[in-house]
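Scope of the values below: all heavy atoms of this structure, side chains included, with no hydrogens, waters or symmetry mates. Labels below follow one simple rule: chain letters A, B, ... track the order of the sequence lines, proteins then strands, and each chain is numbered from 1. Keep in mind the model is a prediction, meaning the values are calculated, not measured.
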Amino acid sequence: MPIVAKLTERSEKDERLHRIRHSTAHLMAAAVQSLWPETKLAFGPAIEDGFYYDFDTEHRFSDDDLRTIEAKMRELARRKARFERQEIRKSDALDLFVRLGEKLKAEHVETLPDGEITLYRSGDFVDLCAGPHVEHTGQLQHFQLTSVSGAYWRGDENREQLQRIYGTAWESREELEAHLARLEEAKRRDHRVLGKDLRLFDFPELAGPGLPFYLPKGAHILQALKDWMWDLHVSGGYGHPEKCYEPLLTPHILKTDAWHTSGHIQNYRENMFMVYSLDELDQGLLAQESKEGSSKEGLGNYGLKPMNCPGHLMLYNVGTKSYRDLPVRYFEFGTVYRYERAGTLHGMLRVRSFTQDDAHIFCTPEQYPDEIEGVFDFCCHILDTFGFEYHVGLKTRGEKRIGDDAIWDMAEEGLRRILEKRAAGKYYVQEGDATFYGPKVDFIIKDSLGRDWQGGTIQLDFNLPDRFQLEYVDADNQRKRPVMIHRAILGSFERFFGLLVEEFAGALPLWLAPLHVRVLPIGEAQADYARGVVSALGQAGVRAELDDSAEKLGKKIRNGKTEKIPFLVVVGAQEVASGTITVEGYFDGKIREVTRVEELAQRIHQEIAAKTPRRR
RNA sequence: GCCCACGUAGCUCAGUCGGUAGAGCACAUCCUUGGUAAGGAUGAGGUCACCAGUUCAAUUCUGGUCGUGGGCUCCA
């Protein structure tokens with residue numbers, strides 16, 4: 001099971017890089033304060049591949065400023081100022097930063113435990129810092145400032161708006177150049193670039209931001225994914241043939257009252273699109289409702305669903321459930337709509353309309369550990385099918401939530417037990433990142449630039465069954481409340497699609513490829529023969545098409561490779577004479593042992609059946 | 001939503017220190033019928049994202065809007 005643990009220990013090499021990066025952050029801060037003396041400091045840590053420093057200043061840093069700061073940094077580095085460690089009392093540190101006007105530093109000092117506090121000096125620059133650092137600034141040479149962005153003090157958008165400058169730093173020029181080359185390479189795997197080049201999907205500007213449209217090839221891939229997932233659900237999911245899921249289909253809008261019952265209006269409102277008729281609007285009914293203190297709060301009669309759970313909760317209530325019916329496992333490939341803030345949209349990885357491979361499992365309190373374990377295995381199986389490396393994290397209760405603490409204790413402990421059993425030592429915990437109705441286990445996949453994205457999720461919920469008054473009749477003839485598990489395996493088809501494209505650099509596994517074979521006749525004389533090959537492949541269940549353009553073979557090959565078509569079949573006079581084909585594989589080059597249509601079809605079917613994940 | 005940058009042909013990009021624009025690829029027609037990653041010729045294609053302002057004149061300067069990218073915040 002290739003769950004990858006988040007690294008907590010650093011190698012010696014990492015340690016050296018960490019010193020360089022953190023020291024370079026100090027050097028940058030010194031340069032910035034030298035150029036703009038009124039600038040105040042926030043935090044400036046080392047991060048993966050580099051560092052950043054947050055500044056509090058009226059000046060707005062531009063890209064040109066970065067070059068100026070870099071030049072100043074190199075000038076300061078030439079002075080080879082030593083990094084000197086200094087321990088002082090907390091009260092002295094406080095005095096120092098207050099005297100320097102470093103308001104944020106002083107605020108931070110106050111949060112530190114009493115006792116000695118370490119400072120680091122290099123030249124005229126002094127910073128609150130635990131270290132360690134390199135010996136002197138002359139050792140800082142292989143860096144580059146990369147970007148400027150906004151940030152908030154302590155990550156709180158209600159606090160000071162700061163400006164963050166990012167940089168990268170390495171031990172040698174070669175390492176720095178290799179890093180920049182890796183970034184270039186990552187662009188070639190970017191699903192947004194490939195999605196455009198390969199004609200998979202589009203985001204029409206007229207439609208609105210974050211609304212993905214699938215072009216024919218993308219729709220093909222998506223449908224193959226959906227068919228696969230549907231089959232796995234109705235046949236029981238991975239490794240649990242007795243645990244079949246049953247499909248549901250629910251509407252895209254529900255009455256506003258439903259979203260009150262679920263708690264979404266109270267806890268999820270900033271993400272919701274509401275729906276009202278123009279008639280209501282024209283008649284001023286919305287404003288009227290607003291005044292009369294109606295439950296609709298002037299939001300209109302309906303809300304567009306940001307989640308599928310309320311619909312499933314309502315359907316559980318159809319008919320009386322016996323303990324013999326449990327667990328009930330309902331799934332739906334449900335399209336949801338969320339008002340994501342404009343700055344957060346990102347290709348297919350973060351959109352405003354997306355389809356979840358969503359399911360809700362209703363079971364007894366005794367059953368949920370086994371259910372969660374089954375879902376856990378399901379997630380691992382799907383990710384392993386593609387050979388993804390992924391992290392697993394536990395997210396616990398946050399500020400916005402419904403339900404008693406005792407219930408949260410129980411739910412969090414339940415998830416923790418499963419993780420200890422299935423991923424001991426490999427999972428990590430994020431306090432406060434749960435959903436508003438329950439804690440969750442998330443499966444995290446990285447994109448081509450190493451950014452984390454949540455895919456599968458398992459959420460344990462003791463609260464919504466209560467709000468929707470779900471019941472089952474137990475063996476003792478008592479009415480009892482079921483436990484609910486919300487889960488998605490891929491997460492959403494859109495995000496998973498995007499991550500697949502990046503993982504495979506656009507050359508998807510054969511079973512997902514929109515086209516398997518393109519047949520390339522060398523000249524017009526072979527057109528009929530080529531058509532016969534296409535048709536024979538089609539008869540054999542292979543997706544094939546003909547390239548009858550008036551181009552030379554070299555050009556047709558190049559086009560096919562550029563489009564990442566898995567197999568190209570060349571037919572010329574020789575093939576016609578011998579009744580054969582010549583096969584060129586995207587990954588294989590010329591495949592000499594395959595000379596007949598049936599052999600190619602067989603090979604393709606084998607690779608499809610095995611779902612072989614091939615990469616360059 | 002916030003900070004910075006960007007928006008020129010279907011795609012990738014030049015360009016105009018203010019005088020309404022150009023290349024390559026793709027597309028169309030024609031020539032070429034060619035054996036493993038780009039054959040040739042001709043042609044069509046742009047309200048220079050949108051809306052205001054300044055100006056004799058704005059694609060270019062200024063402001064706003066929309067959209068995109070890198071981050072912050074937030075999440076599948």
- Relative to the 5' end of RNA chain B, which residue comes earlier, A:Glu524 or A:Glu551, by the nucleotide with the nearest heavy atom?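 It is A:Glu524 whose nearest nucleotide is closer to the 5' end.
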
- Message: By nearest heavy atom, map A:Thr562 and A:Gly210 onto RNA chain B; which one lands nearer the 5' end?
- Response: A:Thr562

- Item | Heavy-atom check, side chain of A:Val571 versus side chain of A:Leu520, under 4.5 Å |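 Counting from C-beta outward, A:Val571 and A:Leu520 never come under 4.5 Å.
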
- Between A:Leu508, A:Leu510, A:Asp588, which is the residue that forms a side-chain contact (heavy atoms from CB on, under 4.5 Å) with A:Pro566? A:Leu510

Just how far, in rounded Å, is [atom2] of [N] from [atom1] of [X]?
X	N	atom1	atom2	answer
A:Arg60	B:A5	CZ	P	11 Å
A:Tyr53	B:C4	OH	P	21 Å
A:Glu205	B:U65	CD	C1'	12 Å

What nucleic acid atoms does [X] come within less than 4.0 Å of, heavy atoms only: base, sugar-phosphate, or nothing?
X	value
A:Lys561	base
A:Phe61	sugar-phosphate
A:Ala488	nothing
A:Glu563	nothing

- Item | Lys/Arg cation over aromatic A:Phe436: A:Arg401, 6.0 Å, 45° cone |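 Ring-cation test returns no.
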
- Message: Distance check, P atoms only: B:A14 and B:A23, in whole angstrom units.
- Response: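 Those two atoms are separated by 16 Å.
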
- For atom C1', what is the distance between B:A44 and B:A57, given to the nearest Å?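 30 Å, rounded to whole Å.
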
- For each nucleotide in nucleotides 71-76 of chain B, reading 5' to 3', give B when a protein heavy atom comes within less than 4.0 Å of its base, S when such contact involves only the sugar-phosphate, and - otherwise. BBBBBB

- Query: For A:Phe443, which of A:Phe496, A:Tyr427, A:Phe376, A:Phe388 qualifies under ring-ring contact (aromatic ring centres under 6.0 Å, His included)?
  - Reply: A:Phe376

- Nucleotide-level pairing of RNA chain B, given in dot-bracket where Watson-Crick and G-U pairs need both distances under 3.5 Å and | marks other strands: (((((((..((((.....[..)))).(((((.......))))).....(((((..]....))))))))))))....

